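Data first, discussion second: the structure below is written as structure tokens.
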Protein chains: 4
Amino acid sequence: MPRETFNVISDDKRQRIYISAAKIFARDGFAKANTSEIAKDANISKGSLYDYFENKEDLYLTVSTHAISESRKNIDSIIDHSMNFFDQLKSIFLQGLKFVIENREYAQLYANISTSGMEDFAKKLTLKVEKHTADYYKNALKKGISDGIIRPDIDIKMVAFIINSLYVILMISVVSEHYRIRLGEYFEVEDAEIEKEIESKIDALVGIIRMSLENRKETKS
Amino acid sequence: MPRETFNVISDDKRQRIYISAAKIFARDGFAKANTSEIAKDANISKGSLYDYFENKEDLYLTVSTHAISESRKNIDSIIDHSMNFFDQLKSIFLQGLKFVIENREYAQLYANISTSGMEDFAKKLTLKVEKHTADYYKNALKKGISDGIIRPDIDIKMVAFIINSLYVILMISVVSEHYRIRLGEYFEVEDAEIEKEIESKIDALVGIIRMSLENRKETKS
Amino acid sequence: MPRETFNVISDDKRQRIYISAAKIFARDGFAKANTSEIAKDANISKGSLYDYFENKEDLYLTVSTHAISESRKNIDSIIDHSMNFFDQLKSIFLQGLKFVIENREYAQLYANISTSGMEDFAKKLTLKVEKHTADYYKNALKKGISDGIIRPDIDIKMVAFIINSLYVILMISVVSEHYRIRLGEYFEVEDAEIEKEIESKIDALVGIIRMSLENRKETKS
Amino acid sequence: MPRETFNVISDDKRQRIYISAAKIFARDGFAKANTSEIAKDANISKGSLYDYFENKEDLYLTVSTHAISESRKNIDSIIDHSMNFFDQLKSIFLQGLKFVIENREYAQLYANISTSGMEDFAKKLTLKVEKHTADYYKNALKKGISDGIIRPDIDIKMVAFIINSLYVILMISVVSEHYRIRLGEYFEVEDAEIEKEIESKIDALVGIIRMSLENRKETKS
DNA sequence: CATGAATGAGCATTCATTCAT
DNA sequence: AATGAATGAATGCTCATTCAT
């Protein structure tokens, strides 16, 4: 929904806008964020911002969509469908963690969509994000079953939901103060160690998932 | 942190303030919420609001703390430590769902703590909420192990974290537009059916958890 | 349409607002007028202005309605229905002129309603102003006819329209630069003498009207 | 005052600018009108507009002058100085009405000059418009007197002023919401019938003027 | 000559907070 | 203790005008 002009400007300028808007929206949330500050931070004028976007909401939606799209591209780029499902999972969790650490604002923008007052944004953004991921998990599970490495009696929808829920919570635990503190409490680690802790626990987490899903007959044979 | 006067006023007035503030903060989020509207909705004057609370943040903190405390009391009241762990889990999930449906605002207030701009609130609120829950799960798991119904080789912290994460996501999926849409996509149901869907899936979810944790030797014997 | 609060404040403050708003709206027109300047000029805060009025339009409408109502009250107060119609006319024109000179802003507010972009205001204001005046003229003319001093064959509606049109143009000629220059050109006088010129010509104008309307039979008899 | 470039461009482009600017200034008034919209409507760039005109005011002045000049040319073209004065009057009113109906924007531009905030414009525009008309009426009246068809005892300046005032009000009553409503109230007709009503009343209006001015001796003889 | 992206002063309106009554 | 009028900083957005291309 950004105006035509936004697609015409230099890549550099467009990037600065993405970065500044992501940073400030991520830090302050939609309502508190200040469009003037975003313009100043991106080193453009307020007027230009409104040449590129219809209004604050349009800017927010655009930058959030961009953030989500980048996150997805990042994950998609490392998925190897020929890999064993559980190895894929591990790659996804590790790569996701890496991306979130390097792009905290993007994860925060994602987290904010679930907030009060963001219902309109959720209606416009959520489906396009989640459907892709849900479909991936469901298909990968089906394939795992037909490949004989996953138990055929699982509830695919439920398992997909559970796996992605754990992914979401882990990633948000990097960028949200609340979830950081919560994770620190569960794992009994200091704030500064959260990222390392998460990374070190991914193996174990995928192990638990594997233990629940793996086809035992397969294992025995 | 509310002023002393807040504890002196009639229970009815205090309740009205809790209800109105919860409703409006839950609907709009902290930044967008309007203190005048809260005062009007609670049928008190703006001046009184500022007699009871230092500022908007104090009001928010107070009402959120109240909401979280109510949620906890509700869960605690139905926990029966003598029950089988998995049955306790099922009770907790069902009771939590019921409470969230009846007190959507409370769950929304909880969800909002994880938002951008709420870091200060998280620092003040999160620990007191999560520690209690984390401790419960860890102790219950330990007891399950010593009772022989839970495999002794599990990572207690991790399992506690996973179980509560699923609880949190399920509850937030009732009240957050984003998570509702997401859950609808995973389970392939319409928005209107979300609550029923969650309720109907709790059995299966606890079943999966049980399958992963249950002590097989015990089962075999 | 002003808010309740506007009726509650001190008369002095209310007057200051009327005066400042009338002055600035009259000087700049609706679009160019600055609400901050009005507040400052009235010695109140911007916030208060918006406590009293919903928005700029509401303020404009309120102050214009007040201006028109004052103008009318002023004329009504000197109309003596027992007087000869032509003498009434003369009183009205003279009194109107005096009021306009002393309350230029009020006349300017009236003049502005006819401007481009003021259609919405006209729809809300015009009828209530003009109906009263139109009715007065029509009734006074009817009475003049039945009293035998006005020719019975006149087109009452047309004559009422003509008389009021001349009144309107004369009054606006005091306050509108355009109409001042125009009147100066017709009467061949300098700008500084406009008011005196108008006053001195009222006799002649009413004389012309009388000449057109007076019942000649009556005169002859 | 437009820049030289404005006289160099194609007639078509110049016309488009006149039409678009007249339309938008007439609709919104000077302050509210948007130069970007005018440029877009005229199918030229904003930059070009500022190549042709110094600023918004220059554009306004130029287009208003053009509008007034067109109005005058239109009237002048049908005046037949050899005609009886009252027949000339009738022609002028009828032709003026026709022109206003077909060129509403031009009449609105004229009407707007009398508005608050337009004083500078009035100083630059009014005289050149009104002097021509005032002179015409004064001369025509003098000729009428010397021809013996108009009473020699009239106040020529006053009569010229009155006649033109009625012309002005009638014409503005077509294009100004305020004056339309007002006229509708005096003549007791619906808005949709205003134009027809004015046309049908021109005969009567000129009749009244004739009755006041006509030389009775002439008539009797 | 023409273009339209860029600028930033300017403005209507909101809202947390204070304080006189 | 309660009230709600008063305050003014803050903010989203507009638009006349400029200027590099």
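To find a chain, count down the sequence lines: A is the first, B the second, and so on, and within it residues start at 1. Owing to the predicted nature of the structure, the values given are computational and were not obtained by experimental measurement.
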Which residues within residues 36-58 of chain B lie with some heavy atom under 4.0 Å of an atom in DNA chain F?
Ser45(B), Lys46(B), Gly47(B), Ser48(B), Asp51(B), Tyr52(B)
Checking all strands, does Ala31(C) fall into the base, sugar-phosphate, or nothing category for heavy-atom contacts under 4.0 angstrom?
nothing
Identified stems (criterion: three or more consecutive Watson-Crick or G-U pairs, under 3.5 Å), DNA chain E:
E:2-21 with F:2-21
Would you grab the first and last nucleotide of DNA chain E (5' to 3') that comes under 4.0 Å of any non-hydrogen atom in chain D?
dC1(E) to dA6(E)
Test item: Glu105(A) side-chain N/O and Asn103(A) main-chain N/O as donor-acceptor pair under 3.5 Å:
no
For Asp12(A), what residues pass the side-chain contact (heavy atoms from CB on, under 4.5 Å) criterion, not counting sequence neighbours?
Ser10(A), Arg16(A)
Which residues satisfy the side-chain contact (heavy atoms from CB on, under 4.5 Å) test with Ala31(D), sequence neighbours excluded?
Ala31(C), Lys32(C)
Rounded to whole Å, how long is the line connecting atom CZ of Arg3(C) with atom P of dG4(F)?
15 Å
With sequence neighbours excluded, residues passing side-chain contact (heavy atoms from CB on, under 4.5 Å) with Ile19(B)
none
Report yes or no: does Thr115(A) contribute a side-chain atom to a donor-acceptor pair with the main-chain N or O of Thr115(B) at less than 3.5 Å?
no
Those residues that, when tested against Glu57(B), pass salt bridge (Lys or Arg N to Asp or Glu O under 4.0 Å) (two or more places apart)
Lys124(B)
Partner of Ser64(D) under side chain to side chain contact (heavy atoms under 4.5 Å, CB included), picked from Leu59(D), Asn112(D), Leu125(D), is Leu125(D)
Hey, could you give me the CD/OG distance between Glu119(C) and Ser114(C), rounded to the nearest 0.5 Å?
10.0 Å
Sorted by chain and residue number, the side-chain contact (heavy atoms from CB on, under 4.5 Å) partners of Thr62(C) (sequence neighbours excluded) come out as Pro2(C), Phe6(C), Tyr18(C), Phe53(C), Asp58(C)
Could you pull out all residues at least two apart from Arg27(A) that satisfy salt bridge (Lys or Arg N to Asp or Glu O under 4.0 Å)?
Glu37(A)
Side-chain N or O of Asn34(D) versus OP1/OP2 of dT14(F): is the shortest distance under 4.0 Å?
no
Only pairs at least two apart or in different chains count here, so list each salt bridge (Lys or Arg N to Asp or Glu O under 4.0 Å) that has a residue in residues 38-50 of chain A.
Lys23(A)-Asp41(A)
Report the residues that fulfil ring-ring contact (aromatic ring centres under 6.0 Å, His included) with Tyr106(B), sequence neighbours left out, ordered by chain and then residue number.
none
For DNA chain E, what residues of residues 5-18 of chain A have any heavy atom nearer than 4.0 Å?
Thr5(A), Lys13(A)
Side chain of Lys56(B), backbone of Phe30(B): donor and acceptor closer than 3.5 Å?
yes
